[in-house]
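Remarks on the structure that follows.
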Amino acid sequence: MTSPEAIAAAVERLATAQSTRVPCAAVRDLIGTDDLPAAYAVQQGLVQARIAGGVHVVGRKIGATSEAVQRQLGVDQPDFGYLLSDMDVSDGADGTPISMATLVQPRVEAEVAFVLARDLDVPEQEITLDLVREAVEVALPALEIVDSRIESWDIGFTDTVADNASSGLFVVGRDGRSLDEVEPREVVMSLTINDEERSAGTGAACLGDPLEALRWLAVQAARFGDPLRAGHLILSGALGPFVPFSPGDRVTASISGFAPLTVSFEE
């Protein structure tokens, strides 16, 4: 078992990297490579500190849902993190350049997001694909700006979990669709940077179905005693590899069934 002192030291290391924008060493030397409760305890320490600073939880993200991203990260299973109000830069979809001032080593990926119409506060054995489908109010196109506070993205699974699932910022489009209008597993995605395609994929690349990713998350949230709630935004996971970008770049996610989502970045 990882000691409370080691968990606190991992929280401090990652929080310092976030505040200074100077990447830090991986935290697996403190919490090990397979102690997932310790990794999520570090994540909670970071999230609760940010909440104490005045932000609030707006949803969750699911990470490492596609084989392409798992290969990029060197992991073999999904994880989850929290979406906080100060991570939402959806105004960028209206043409306002997104500042990179809080980011350390950002990458961008395209995915399908969901807004929940009702709580998923039921026993985990009752959380079925049909139940989560019925709980979805609307699906949206999304860009997630993933980031790592760990130097050179040299991460193992417990490192990315501890680092709030390598979260940075997110953008969701205004062009919502009901699940009667779009079938998430059937979407096709192309992500371009300055009009050059840099990533591509399908809904089926996300755990076979973005709704299956949502079901997986709902089960994990129930197990952790912090169930998904009505109004939560859920980023269901990348549909293709994430890619680096730079200030001045224009990024467009084209996901079939939705209007294209375009943003630009500045220092």
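Taking hydrophobic clusters as Ile, Leu, Val, Met, Phe, Trp and Tyr residues chained together by side-chain heavy-atom distances below 4.5 Å, Phe157 shares a cluster with Leu217. A single hydrophobic cluster is not seen to contain both Leu140 and Val188; linkage of ILVMFWY side chains at heavy-atom distances under 4.5 Å, directly or through other members, places them apart. In the hydrophobic clustering of ILVMFWY residues, with side-chain heavy atoms under 4.5 Å counting as a link, Ile155 and Ile145 come out together. Val104 and Val243 end up in different hydrophobic clusters when Ile, Leu, Val, Met, Phe, Trp and Tyr side chains are linked at under 4.5 Å. If you chain together hydrophobic residues whose side chains sit under 4.5 Å apart, Leu116 and Phe224 fall into the same group.
The shortest side-chain heavy-atom distance between Arg198 and Pro244 falls under the 4.5 Å cut-off. No side-chain heavy atom of Met189 sits less than 4.5 Å from a side-chain heavy atom of Val187. At a threshold of 4.5 Å between non-hydrogen side-chain atoms, the residues Asp86 and Arg50 count as touching. Looking only at side-chain heavy atoms (C-beta outward), Arg149 and Leu46 stay at 4.5 Å or farther from each other. Counting only heavy atoms from C-beta outward, the side chains of Leu36 and Asp79 never approach each other to under 4.5 Å. Under the 4.5 Å side-chain criterion, counting only non-hydrogen atoms from C-beta, Leu211 is in contact with Glu183. At least one side-chain heavy atom of Leu191 sits under 4.5 Å from a side-chain heavy atom of Leu143. Counting heavy atoms from C-beta on, the side chains of Leu120 and Pro227 never come closer than 4.5 Å.
For Asp154 (side chain) and Glu151 (main-chain N/O), no donor-acceptor pair under 3.5 Å exists by modelled atom type. Here the side chain of Lys61 pairs a donor or acceptor atom with the backbone of Ala165 at under 3.5 angstrom. A distance-only check finds no donor-acceptor pair linking the side chain of Glu212 to the backbone of Cys206 [under 3.5 Å].
For the atom pair CG (Leu83) and NE2 (His56), the distance works out to 11.0 Å, reported to the nearest 0.5 Å.
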Begin from the C-alpha positions of Phe114 and Val132 and carry the test side chain to side chain contact (heavy atoms under 4.5 Å, CB included) through to its verdict.
CA-CA 10 Å; Phe114 301 112; Val132 298; over 6 Å; no
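Across Leu14, Thr160, Asn164, a single residue satisfies side chain to side chain contact (heavy atoms under 4.5 Å, CB included) together with Gln43, and that is Asn164.
In the model, Ser90 has a side-chain atom that pairs as donor or acceptor with a side-chain atom of Asp88 under 3.5 Å.
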